[in-house]
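A note on names: the letters A, B, ... follow the listed sequences, proteins ahead of strands, and every chain is numbered from 1.
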Amino acid sequence: MRRTKVAELLGATVCGAEVRAAGWVRTRRDSKGGFSFLEVNDGSCLANLQVIAPDTLPNYGDEVLHLHPGASVVVEGELAQSVGSGQAVELKARAVRVLGGSPPVEYPLGKQKVNFDRLRELPHLRPRTNSFGALARVRHVLAQEIHRFFDARGFLYVHTPVITANDCEGAGEMFRVTTLDPHSPPRLPDGTVDFGQDFFGRRASLTVSGQLEGEAYACALGDIYTFGPTFRAENSNTRRHLSEFWMVEPEMAFADLDDDAALAEAFLRHLFGAVLARCGEDLGFFDRRVQPGVVARLERLAAAPFGRLTYTEAVRLLETSGRAFEYAPSWGMDLQSEHERYLAGEVFQGPVVVTDYPEAIKAFYMRRNDDGRTVAAMDVLLPEVGEIIGGSQREERLEVLLEAMRRAGLAPEAYPHYLDLRRFGSVPHAGFGLGFERLVQFCTGMNNIRDVIPYPRAPRLC
RNA sequence: UCCGGCGUAGCGCAGUGGUAGCGCAGUUGGCUGUUAACCAAUUGGUCGCAGGUUCGAAUCCUGCCGCCGGAGCCA
């Protein structure tokens with residue numbers, strides 16, 4: 001007999017069928033009425049399957065009565081309407097086969113609640129909890145919907161490299177990739193390490209962004225996106241940062257900042273709507289146990305247009321808010337976390353797109369505006385989570401780009417490919433980067449980003 | 001990296017200078033179509049690590065390690 005997943009069994013409308021289920025025991029309750037209740041979960045959905053194990057089973061005394069949380073079982077029997085309240089159907093077992101026992105005391109996940117801090121020390125076992133099962137399913141759906149959204153709009157999925165020789169992009173500290181012996185690397189006459197003898201014949205690192213490669217493909221194929229792991233070696237110790245995270249980076253040719261912002265909004269609203277439609281049971285769990293109100297918030301944001309204002313307007317709004325900020329807002333300074341929280345959390349109470357930042361506080365590749373002091377950049381700010389998207393229209397004018405690189409102190413020779421895109425058939429183009437884990441955080445209400453990725457990588461955590 | 005808080009039983013916590021405690025889990029027994037099950041008994045400790053003050057330190061002091069929250073950097 002083939003096994004049927006619990007999600008399918010619980011959705012069954014006809015009872016009486018002979019079925020096989022398999023999963024991990026969450027709890028066991030014994031009745032003196034001649035049977036035990038087993039709560040079995042197989043990860044296919046949040047809910048457990050209630051199994052009725054009668055004492056007439058040949059292994060009842062020896063095995064069933066000694067089943068503890070974490071044990072794995074295969075159960076065969078009749079799917080029946082439940083006598084008790086609390087579940088529609090239950091499985092009346094004719095056979096319970098114990099695949100793997102789970103010694104109590106030694107198994108860290110008992111019946112009692114275990115908090116997220118503790119669970120973080122058990123990355124191999126935490127997917128067996130309600131929270132992390134739900135997280136894995138929501139994360140999966142969001143990833144699938146990202147591909148669906150772009151595919152439906154004719155964007156090509158491009159695989160940009162994880163290992164790159166693009167250095168000093170200014171996006172952050174990079175992890176070095178090397179096969180040199182750290183104790184005695186080859187050295188140049190001046191004593192510095194000779195990376196010419198390294199595996200790639202030059203310095204190489206893990207990517208901090210697929211944007212540069214993405215631009216090249218957009219400037220040939222039109223609309224593309226990347227979705228892959230990204231690495232930052234910054235010593236960031238916050239609930240919003242990881243050393244290894246997943247980033248979505250669409251790039252559009254023949255597009256300006258307005259197109260970029262419109263794409264970002266359509267993208268996020270599609271994802272909010274999709275996760276609501278497909279993850280109702282799991283979102284309900286987050287709403288009850290993690291962050292009350294998270295579902296209502298998603299429903300509101302899936303329906304309403306985003307706020308939209310320029311950096312200059314944002315600063316004026318902050319200055320005249322009458323609010324006492326720890327850091328007084330002023331034109332030319334980057335927006336502080338408290339400013340972003342005020343804009344997204346209080347003024348707009350939802351996502352806000354802030355555009356046209358001062359040139360001095362943004363990256364060299366962002367397109368210079370006609371006012372001569374701002375660039376066509378945008379950030380999408382969410383309540384609670386803060387910046388979830390950073391993007392821009394790219395500078396497509398060769399001379400203007402070279403000038404920006406000089407001002408940023410970057411050597412144009414280090415970016416021959418990037419400059420070639422402006423030299424040969426240059427076109428206006430724009431794109432953005434979305435932090436996937438921050439999206440999952442926002443959709444689930446999870447407080448710490450380390451809890452929305454299966455195996456978090458952060459300083460002192462690997 | 002900076003600021004603040006925390007580190008005591010498997011888990012969650014109390015204990016602020018004088019015999020190391022409670023709840024949950026576990027074990028045993030009782031009860032029950034149960035579902036955060038319930039009732040009774042019971043097992044379980046290098047008080048993060050190192051040093052110092054003191055007759056005496058979980059408690060006070062110093063250093064280190066780890067974790068959490070906030071800030072910075074960003075997605």
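- Between A:R120 and B:C68 there is a side-chain polar atom (N or O) within less than 4.0 angstrom of OP1 or OP2.
- Contact annotation for A:N235: base contact, defined as any heavy-atom pair under 4.0 Å involving a base atom.
- Taking all atoms of both residues into account, the shortest heavy-atom contact from A:F132 to A:D451 is CE2-O, 3.2 Å.
- Of the inter-residue distances, the one linking A:I163 atom CD1 with A:L206 atom CG reads 6.5 Å to the nearest 0.5 angstrom.
- By the 4.0 Å N-to-carboxylate-O rule, A:R137 lies too far from A:E281 to be salt-bridged with it.
- Nucleotides of RNA chain B nearest to A:E326 and A:G435 differ in position, and the one nearer the 5' end is that of A:E326.
- The ring of A:F245 lies on top of the base of B:A75, close enough and flat enough: under 5.5 Å between centres, under 30° between planes.
- Comparing B:U16 with B:A20, their P atoms sit 15 Å apart, to the nearest whole Å.
- For the C1' atom pair drawn from B:U1 and B:U43, the interatomic distance equals 47 Å after rounding to whole Å.
- Side chains of A:R128 and A:L122 form no contact here, defined as non-hydrogen atoms less than 4.5 Å apart.
- Note on A:R240: a side-chain N or O is less than 4.0 Å away from OP1 or OP2 of B:A71.
- Using a 4.0 Å heavy-atom distance criterion, A:L109 is classed as making no nucleic acid contact.
- Side-chain contact annotation: A:T374 with A:N369, donor-acceptor N/O pair under 3.5 Å present.
- By the 30° and 60° cut-offs, the orientation of the rings of A:F231 relative to A:F175 is perpendicular.
- Residue contacts for A:Q441: at a heavy-atom cut-off of 4.0 Å it reaches no nucleic acid atom on any strand shown.
- Ranking B:G33, B:C68, B:C11 by closeness to the A:N448 side chain, first place goes to B:C68.
- Phosphate contact (OP1/OP2 of B:G72, side-chain N/O of A:Q336, threshold under 4.0 Å): present.
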Using a 4.0 Å heavy-atom cut-off to protein, can you give one letter per nucleotide of nucleotides 23-28 of chain B, 5' to 3': B if the base is in contact, S if only the sugar-phosphate is, - if neither? -SSSS-
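- Here the separation of B:C38 from B:G45, taken at their P atoms, is 26 Å to the nearest Å.
- The base of B:U1 sits with one of its N or O atoms less than 3.5 Å from a complementary donor or acceptor on the side chain of A:N237.
- Cation-pi geometry between A:R153 and A:F149 is met: the NZ or CZ atom falls under 6.0 Å from the ring centre, inside 45° of the normal.
- Contact annotation for A:F35: base contact, defined as any heavy-atom pair under 4.0 Å involving a base atom.
- B:G52 and B:G17: their C1' atoms are spaced 16 Å apart (whole Å).
- Along RNA chain B, the nucleotide closest to A:S82 and the one closest to A:L335 are compared, and the more 5′ of them pairs with A:S82.
- Taking side-chain N and O atoms only, A:S236 has no distance below 4.0 Å to OP1 or OP2 of B:C74.
- Distances were taken from every side-chain heavy atom of A:E387 (C-beta onward) to each of B:A75, B:G33, B:A71; the shortest belongs to B:A75.
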Are A:E215 and A:Y365 close enough, and set up right, to give a side chain to side chain donor-acceptor pair (under 3.5 Å), and what steps lead you there? CA-CA 11 Å; A:E215 282 187 48; A:Y365 54 74; over 6 Å; no
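- The P atoms of B:U62 and B:C67 are separated by 23 Å, rounded to the nearest whole Å.
- A:Y418 does not carry A:R394 over the face of its six-membered ring by the limits of under 6.0 Å from the centre and within 45° of the normal.
- Contact annotation: A:R460 side-chain N/O to B:C67 OP1/OP2 distance is under 4.0 Å.
- You'll find that the side chain of A:R29 is closest to B:U34, out of B:U34, B:A75, B:G33.
- For the P atom pair drawn from B:G23 and B:C31, the interatomic distance equals 24 Å after rounding to whole Å.
- Among the protein residues, A:E39 comes within range of the nucleic acid bases, having at least one heavy atom under 4.0 Å from a base atom.
- Nucleotides B:A9 and B:C22, compared at atom P, are 14 Å apart to the nearest Å.
- B:U19 sits 15 Å from B:C47 when the P atoms are compared, rounded to a whole Å.
- Side-chain N/O atoms of A:R341 include one lying less than 4.0 angstrom from OP1 or OP2 on B:A71.
- Residue contacts for A:Q87: at a heavy-atom cut-off of 4.0 Å it reaches a base atom on one of the strands shown.
- The side chain of A:Q50 sits closest to B:U34 out of B:A75, B:C67, B:U34.
- For the pair A:S36 and B:U34, the criterion of a side-chain N or O lying under 4.0 Å from OP1 or OP2 is not met.
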